[in-house]
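Structure, as structure tokens:
Both backbone and side-chain heavy atoms feed into the values below; hydrogens, waters and symmetry mates do not. Proteins get letters first, then strands, A, B, ... in listed order; numbering begins at 1 in each.
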2 protein chains.
Amino acid sequence: MSKKNKLRIIPLGGLGEVGKNMMAYEFAGDIIVVDAGIMFPDNDMLGVDYIIPDFEYLLKRKDRVRGLIITHGHEDHIGAIQHFISQINVPIYATPLTRGLIEAKLFRNNSQHKAQFKTVQAGESSNIGPFKVEYFHVSHSIPDAVSLAITTPAGLIIHMSDFKFDHTPVDGWPTDFAKLAEFAARGVDLLLSDSTNAERPGWTPSEKIIGPAFDKVFTEAKGRIIVATFASLISRVQQVADAALKSGRKMAIAGPSMVDNIKVARKLKYLEIPDDLIVPVEQALNMQEHKVVIMCTGSQGEPSSIVGRLSAGTNRQFDLKPNDTVVLSSHPIPGNEEGISKTINRILRRGANVIDDQVAPIHVSGHAAQEEQKLLINLVRPKHFMPIHGELRMLKRHAQLAKEVGVEEENIIVAENGQVVELIGNKIQLGERIPGGYIFVEGDSIGDIDHDIMKERGQLARSGILLIDISLDKQTGKLLHDPEILTRGFVSPDEAETLLPEVRKRVLQAVNGGGMSSEKDIINTIKSYLHQETKRRPMVFVTLSKA
Amino acid sequence: MSKKNKLRIIPLGGLGEVGKNMMAYEFAGDIIVVDAGIMFPDNDMLGVDYIIPDFEYLLKRKDRVRGLIITHGHEDHIGAIQHFISQINVPIYATPLTRGLIEAKLFRNNSQHKAQFKTVQAGESSNIGPFKVEYFHVSHSIPDAVSLAITTPAGLIIHMSDFKFDHTPVDGWPTDFAKLAEFAARGVDLLLSDSTNAERPGWTPSEKIIGPAFDKVFTEAKGRIIVATFASLISRVQQVADAALKSGRKMAIAGPSMVDNIKVARKLKYLEIPDDLIVPVEQALNMQEHKVVIMCTGSQGEPSSIVGRLSAGTNRQFDLKPNDTVVLSSHPIPGNEEGISKTINRILRRGANVIDDQVAPIHVSGHAAQEEQKLLINLVRPKHFMPIHGELRMLKRHAQLAKEVGVEEENIIVAENGQVVELIGNKIQLGERIPGGYIFVEGDSIGDIDHDIMKERGQLARSGILLIDISLDKQTGKLLHDPEILTRGFVSPDEAETLLPEVRKRVLQAVNGGGMSSEKDIINTIKSYLHQETKRRPMVFVTLSKA
């Protein structure tokens with residue numbers, strides 16, 4: 001088999017979740033990229049704002065990158081576009097709503113002028129270098145989502161991004177089963193598929209079940225309703241609007257990203273909301289409480305979101321009232337459970353009511369569960385299978401499901417980010433490893449914050465710091481003034497009162513004890529004294545000046 | 001109603017979970033205390049080892065504290081006993097296994113000499129001051145657990161600590177329904193009950209279902225089995241031993257706390273494990289792989305536990321092998337999900353297999369779910385109800401369940417830690433607020449680390465630190481040497497190379513710019529420069545010596 005027929009499949013970054021935020025396909029040097037999203041940091045990634053994929057591999061080959069294809073308008077698929085196009089400015093292929101949401105986001109970051117778009121529709125296709133990319137509709141928790149059939153000289157690849165098999169989705173447009181069957185008839189060489197819910201048995205419930213649950217809440221709530229969800233969960237906005245209309249409430253939208261996204265979706269007719277249903281927040285705050293629903297962000301308990309601020313009593317525009325009902329219309333993202341639970345307790349402490357997805361079916365997952373994943377594989381009947389969009393544990397489970405429904409074990413490949421996979425002559429195999437990690441974004445810094453810095457932050461945070469400033473006479477080696485000692489994050493004022501004089505004494509002993517002590521000596525002396533006294537290990541810094 | 005008949009019920013600490021780790025009952029000055037446990041810190045409590053309840057209220061009345069009653073031997077009920085008795089050394093009332101586990105723990109902390117025990121049995125009672133305390137058996141995930149019926153001059157109180165209504169528990173000893181019915185016949189004035197699972201519908205499955213699940217794993221696994229659970233989950237140890245016996249595997253126990261606890265439980269006959277089933281770890285490591293099961297700690301992904309170290313490849317005694325099956329026999333404690341998921345991914349990356357409670361029923365909760373909670377209330381038919389052992393969200397849900405099964409709304413009281421509740425003359429009401437928070441333990445420090453220090457640690461961790469040491473000539477105000485600059489957790493070496501010379505330049509300008517700059521001026525100058533350049537805000541420290 002000639003080397004020319006080798007397709008390289010490259011999952012690029014995402015925090016643990018393989019290929020979630022960016023994937024690349026490379027054939028004979030030509031490259032297309034699928035999605036450019038961000039992830040939010042783990043709890044131990046101190047100070048990080050967000051995370052983007054490491055696409056160094058693409059930067060080194062930027063002249064060969066032919067296009068960026070975006071499957072749908074969620075943050076974890078579009079959030080890194082501004083970083084991507086500022087370095088690799090290729091055409092962006094997206095459906096109308098996805099394009100609109102990207103544009104709104106780029107506009108907020110003042111990067112809109114950089115983007116060149118090619119608007120595509122489900123059912124259409126693009127020829128991009130040696131790749132023919134066919135877009136087909138999938139249902140997900142946002143309208144206008146597509147997945148991809150990529151015809152390459154190495155075979156037909158199906159790239160299933162986020163999807164579910166919802167027969168009654170909010171927009172009435174289910175996943176395109178006929179297309180999937182058509183691809184199967186053509187013969188699919190490789191299926192890549194979303195593993196998010198590979199550990200969840202059964203079939204993800206339809207978005208439809210949310211309607212009655214919202215209706216119940218909207219009818220029963222005595223006061224205002226505040227519905228929190230993700231700014232890009234456009235389908236949920238439609239459902240809230242429908243329930244508001246039915247229950248005679250007006251709808252206000254708080255928060256710039258949600259306002260922008262809803263504006264885009266309404267303009268493009270992906271949201272059907274009568275004009276007179278929507279009122280400005282200021283107006284809603286002056287209306288009768290049972291006539292109002294306010295939509296905002298913060299369903300994950302983010303302290304800086306509107307719900308986060310409401311729970312803490314620090315929201316500027318309005319406060320929670322005892323009669324309010326706060327609906328958290330999302331499921332905790334792993335790692336956020338603790339923060340969400342604290343937020344709920346704080347809201348309850350303010351006397352408001354909280355409804356989350358444990359109490360009522362006001363959220364369903366946007367991702368296929370095991371039975372849907374199995375159906376997909378049986379529909380598509382791929383020769384090879386590669387699970388994507390999940391941590392290793394989910395990929396392994398998804399691989400097992402594929403085996404259970406009949407994909408040959410040697411035709412299933414599990415790869416992590418940065419692990420190149422090669423499809424060549426009817427065989428799938430691991431290729432080389434390339435940089436496939438992730439990059440921390442913090443303020444203006446992209447990639448400067450690394451794991452070493454994170455480790456230092458962990459050390460600083462664990463027991464705080466102690467600084468000692470010593471000035472000595474160059475000639476005599478005697479102290480020019482009393483050592484100055486300062487601590488942060490180490491001792492309380494009470495404890496400092498007894499501990500710091502002893503530290504000072506030991507510094508004086510070290511300095512005056514004959515033979516000039518080095519900074520390092522003093523640091524070691526003080527460190528071991530502090531550990532002996534407190535069993536804690538702050539970072540100790542000494543500045544020793546000789547004048 | 002005379003003031004003399006007032007019973008004060010005081011939930012004292014626990015991190016969010018009301019009364020979980022310590023409760024007090026006070027009547028006419030006499031006090032009994034129920035449980036003295038620890039909690040583990042939230043993800044944002046940087047550097048904290050563990051947390052104990054704030055029992056300042058009791059310290060101020062230590063002469064009136066008559067006894068400490070322990071309901072069962074789990075860490076969150078016994079872990080703070082060493083701290084408690086070192087300050088309030090009263091008799092400890094506990095059943096034989098609970099006492100044994102406490103003694104083992106005190107011995108490890110070298111505090112065993114301080115404890116005075118009164119061993120009690122389910123079915124017995126103690127007269128402690130004005131309180132008659134009857135112990136009755138409840139099933140939980142540890143043998144020999146009891147709950148309490150406390151007869152006071154203000155009425156009969158039922159204190160349901162951790163329990164479930166398991167009809168087929170591992171030790172064959174279900175919750176004492178007859179006793180509960182007997183109390184109901186006597187007339188229960190107040191029921192306090194475990195709210196842990198108040199958000200979980202249905203009935204918690206019996207421990208019995210774990211047996212077949214273990215049997216399946218033990219038979220199917222080709223290599224070694226490593227079962228991780230809590231060191232005090234004694235019932236689970238019995239189930240592992242049973243499965244080992246059936247499948248012809250020998251059992252080794254790794255980790256001092258687990259070894260100690262199993263020794264105690266076997267000696268007291270709460271564990272039935274044949275002598276020849278147990279082998280030392282060293283021996284197990286040299287046996288055929290399919291003949292071995294190793295029990296250890298680390299089911300919550302704790303980095304310093306044996307499973308945590310195995311996943312990271314840093315365990316000293318042995319390493320994971322590709323054929324190993326790691327069974328995580330517990331459910332994630334809220335806040336630990338992220339760490340557990342990372343641990344699972346690391347284990348899989350080493351080629352071993354992982355079974356957690358999502359994949360197979362190898363764990364069940366030890367706490368009653370909604371149907372059991374309702375049955376309890378209907379069995380006991382209390383006049384008043386107070387949910388305990390849960391965060392506010394669970395307490396509110398439990399209160400709602402009580403209302404649903406017929407407790408009058410005005411007879412239900414929800415209180416948080418430090419909120420005194422008074423039962424007086426057939427009425428329940430909120431009393432005053434007292435210190436009822438929690439205390440951070442870190443190294444030798446108990447209570448010195450407070451929220452201010454935690455806030456400073458958060459600041460240190462968020463963007464790191466930058467130190468500048470400046471020495472000036474006292475007379476001329478000129479620099480005696482070049483400013484020394486040091487950073488931690490702020491910039492990478494690359495970024496430092498361009499940024500720090502600019503910082504130095506600005507320090508020189510500030511110092512030489514006529515008019516001696518103060519430390520504060522220099523700090524502000526540098527801070528705003530750094531923010532402008534990096535959009536980050538490290539803590540900046542300047543030591544300015546004049547010699």
Side-chain angles (χ1 to χ4, degrees), chain A residues 16 42-44 46-47 199 334-335 337-338 341-342 344-345 348-349 354 358-359 391-393 396-397 416 442-445 448-450 452-454 456-465 467 469 471 473 480-481 484 486 488-492 494-495 533-536 539 541 543 545 547, chain B residues 16 42-44 46-47 199 334-335 337-338 341-342 344-345 348-349 354 358-359 391-393 396-397 416 442-445 448-450 452-454 456-465 467 469 471 473 480-481 484 486 488-492 494-495 533-536 539 541 543 545 547:
Chain A
D42 287 349
N43 287 312
D44 57 359
L46 303 161
E199 294 177 316
E337 296 86 351
E338 198 175 276
S341 219
K342 284 184 186 174
I344 292 176
N345 290 328
L348 292 171
R349 214 164 276 137
V354 180
Q358 281 193 44
V359 178
E391 298 171 30
L392 190 54
R393 55 188 289 190
K396 292 248 183 189
R397 193 78 188 82
E416 292 203 81
E442 180 178 332
D444 273 357
S445 145
D448 281 313
I449 309 301
D450 59 15
D452 289 338
I453 294 183
M454 214 50 70
E456 288 181 354
R457 289 183 180 173
Q459 284 167 1
L460 289 169
R462 216 163 297 125
S463 296
I465 59 173
L467 311 181
D469 180 35
S471 298
D473 186 292
L480 288 171
H481 59 74
E484 286 179 44
L486 182 150
R488 288 286 187 284
F490 172 45
V491 280
S492 62
D494 276 3
E495 206 183 353
E533 283 300 302
T534 68
K535 294 280 177 302
R536 284 177 272 154
M539 287 181 101
F541 300 93
T543 56
S545 321
Chain B
D42 287 348
N43 286 313
D44 57 359
L46 303 162
E199 294 178 316
E337 296 86 351
E338 197 175 275
S341 219
K342 284 184 190 177
I344 291 176
N345 289 330
L348 291 172
R349 214 164 277 137
V354 180
Q358 283 194 43
V359 178
E391 298 172 31
L392 189 53
R393 54 188 291 189
K396 291 247 181 188
R397 193 79 189 82
E416 292 203 81
E442 180 178 330
D444 273 358
S445 145
D448 282 312
I449 308 301
D450 58 15
D452 289 338
I453 294 182
M454 213 51 70
E456 289 180 353
R457 289 183 181 175
Q459 284 167 359
L460 289 169
R462 216 163 297 126
S463 297
I465 59 173
L467 312 180
D469 181 34
S471 298
D473 186 292
L480 287 169
H481 57 74
E484 284 178 45
L486 182 151
R488 287 286 186 282
F490 171 46
V491 279
S492 63
D494 275 0
E495 207 183 354
E533 284 299 303
T534 67
K535 295 280 178 300
R536 284 176 272 155
M539 288 181 102
F541 301 93
T543 57
S545 322

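Comparing A:Ile344, A:Val359, A:Asp450 by how many heavy-atom pairs each has under 4.5 Å with chain B, the most go to A:Ile344. Comparing B:Glu456, B:His481, B:Gln459 by heavy-atom pairs within less than 4.5 Å of chain A, the highest count is held by B:Glu456. Counting heavy-atom pairs closer than 4.5 Å to chain B, the top-ranked of the candidates A:Lys396, A:Glu416, A:Glu199, A:Arg462 is A:Arg462. Per-residue counts of heavy-atom pairs under 4.5 Å with chain A were compared for B:Leu480, B:Asp42, B:Leu486, B:Thr534; the largest is that of B:Asp42. In terms of heavy-atom pairs under 4.5 Å with chain B, the best-connected choice from A:Asp494, A:Leu467, A:Asn43, A:Val491 is A:Asn43. With respect to chain B, the highest number of heavy-atom pairs below 4.5 Å among A:Lys342, A:Glu442, A:Gln358 belongs to A:Glu442. Most heavy-atom pairs under 4.5 Å with chain B: of the set A:Asp44, A:Leu46, A:Val354, this distinction falls to A:Leu46.
With a 4.5 Å cut-off on non-hydrogen atoms, B:Ile465 touches chain A through its backbone and its side chain both. Using a 4.5 Å cut-off between heavy atoms, B:Glu533 contacts chain A through its backbone alone, with no side-chain atom that close. Contact annotation for B:Asp452: neither backbone nor side-chain heavy atoms come within less than 4.5 Å of a heavy atom of chain A. The parts of B:Leu348 that come within reach of chain A are both its backbone and its side chain, each placing non-hydrogen atoms under 4.5 angstrom from that chain. Neither the backbone nor the side chain of B:Met454 comes within less than 4.5 Å of any heavy atom in chain A. For a residue to count as touching a neighbouring chain, one of its non-hydrogen atoms must lie under 4.5 Å from one of that chain's; by this rule B:Phe541 touches chain A with the side chain only. Residue contact with chain A, scored on non-hydrogen atoms closer than 4.5 Å, involves the side chain of B:Ser471 exclusively.
The heavy-atom pair separating A:Arg457 from B:Gly489 by the smallest distance is NE-O, 2.7 Å. Contact detail for A:Ile453 and A:Ile449: the closest heavy-atom pair is CD1-CA, 4.0 Å.
A:Glu495 and B:Ser445 share no donor-acceptor pair across their side chains, judged by distance under 3.5 Å alone. For the 3.5 Å distance criterion, the side chains of B:Glu484 and A:Thr543 fail to qualify, holding no donor opposite an acceptor.
For the pair A:Glu337 (side chain) and A:Gly335 (backbone), a donor-acceptor distance under 3.5 Å is present. With hydrogens and angles disregarded, no donor-acceptor distance shorter than 3.5 Å links the side chain of A:Arg488 to the backbone of A:Gly464. With hydrogens and angles disregarded, a donor-acceptor distance shorter than 3.5 Å links the side chain of B:Asn345 to the backbone of A:Arg393. Between the side chain of A:Arg536 and the main chain of B:Asp444, no donor-acceptor pair closer than 3.5 Å is present.
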